[in-house]
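The structure presented is a predicted model; accordingly, all values stated were derived computationally and were not measured. All heavy atoms count here, side chains included; hydrogens, waters and symmetry mates do not.
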Amino acid sequence: QVQLVESGGGLVQAGDSLRLSCAASGRAFSSYHMGWFRQAPGREREFLAVISGRGGSIYYADSVKGRFTISRDNARNTVYLQMNSLKPEDTAVYYCAASQSGSIATPWKKDSYNYWGQGTQVTVSS
């Protein structure tokens with residue numbers, strides 16, 4: 001069992017940066033692929049990025065490539081999402097997720113993940 005707790009969200013202006021954190025409880029954190037998703041009101045949950053257990057493999061959605069950076073610190077059981085040049089359309093609840101699979105063929109699919117956090121709100125004003 002893994003519990004995930006996101007933090008770092010808030011209200012910012014367009015062009016600002018934020019770093020989200022996701023702290024994981026439980027053992028063997030380094031064996032989990034970790035992903036970030038977001039969900040805006042009235043929209044489907046959207047995949048953003050995924051990082052492999054030891055950080056050697058990273059994949060981004062085209063919508064955030066070049067602006068968002070995923071990273072992890074296995075010593076702290078934490079995964080991060082650095083978000084730069086934020087836009088009003090980035091406003092959403094941001095979720096982290098963990099996958100027990102040794103590899104993920106479809107990291108953009110919610111079903112690829114076993115555990116989810118409760119989310120943290122990010123609001124970007126224009």
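In this structure, Leu4 and Cys22 approach most closely via the heavy-atom pair CB-SG, 3.9 Å. Residues Val79 and Met34 approach most closely at CG1-CE, 3.9 Å, considering heavy atoms. Contact detail for Gly10 and Leu18: the closest heavy-atom pair is N-CD1, 4.2 Å. Of all the heavy atoms in Ala23 and Thr78, the pair that sits closest is CA-OG1, 4.1 Å. Pairing each heavy atom of Ala14 with each of Ser126, the nearest pair is CB-CA, 4.4 Å. In terms of heavy atoms, Asn84 sits closest to Ser17 at OD1-OG, 3.0 Å.
Once rounded to the nearest 0.5 Å, the distance linking CZ of Arg67 with CE of Met83 reads 9.0 Å. The CG atom of Leu81 sits 8.5 Å away from atom OG of Ser71, with the distance rounded to the nearest 0.5 Å. Within the model, atoms CD of Gln100 and OH of Tyr113 stand 13.5 Å from one another, a figure rounded to the nearest 0.5 Å. Between the SG atom of Cys96 and the OH atom of Tyr115 there is a distance of 13.5 Å, given to the nearest 0.5 Å. With rounding to the nearest 0.5 Å, the separation of NZ in Lys110 from CD in Glu46 is 11.0 Å. A distance of 8.5 Å separates CG in Leu11 from OG1 in Thr91, rounded to the nearest 0.5 Å.
With hydrophobic clusters built from ILVMFWY side chains whose heavy atoms lie under 4.5 angstrom apart, Tyr32 does not share a cluster with Trp108. No single ILVMFWY cluster, assembled from side-chain heavy atoms under 4.5 Å apart, contains both Phe47 and Tyr80. Transitive grouping of hydrophobic side chains (ILVMFWY, heavy atoms separated by less than 4.5 Å) brings Leu20 and Ile58 into a common cluster. Hydrophobic clustering (side-chain heavy atoms under 4.5 Å, transitive across Ile, Leu, Val, Met, Phe, Trp, Tyr) keeps Trp116 apart from Tyr94. Phe68 and Val122 fall within the same hydrophobic cluster, defined by Ile, Leu, Val, Met, Phe, Trp and Tyr side-chain heavy atoms under 4.5 Å apart, directly or through other members.
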For Arg27 and Val2: C-alpha separation, side-chain torsions, deciding distance, then whether side-chain contact (heavy atoms from CB on, under 4.5 Å) applies.
CA-CA 8 Å; Arg27 297 183 292 180; Val2 174; over 6 Å; no
Could you walk me through whether Lys65 and Asp62 pass the salt bridge (charged side-chain N to carboxylate O under 4.0 Å, His left out) test, one step at a time?
CA-CA 5 Å; Lys65 196 176 297 182; Asp62 288 343; 3.2 Å; yes
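For the residue pair Thr123/Gln121, the side-chain donor-acceptor check at 3.5 Å is satisfied.
A donor-acceptor pair under 3.5 Å is absent between the side-chain atoms of Asp16 and the main chain of Ser85, judged by distance alone. Using modelled atom types, no side-chain atom of His33 and backbone atom of Ala98 make a donor-acceptor pair closer than 3.5 Å. A donor-acceptor pair under 3.5 Å links the side-chain atoms of Arg72 to the main chain of Phe29, judged by distance alone.
Proximity of Tyr60 to Leu48: side-chain heavy atoms (C-beta onward) are nowhere separated by under 4.5 Å. The closest side-chain heavy-atom distance from Thr120 to Ser7 is not below 4.5 Å.
Taking the six-membered ring where the residue is Trp, the centroids of Tyr95 and Phe37 are separated by 6.0 Å or more.
Atom CD of Gln3 has 12 or fewer neighbouring heavy atoms from other residues, nucleotides or ligands inside a 6.0 Å radius.
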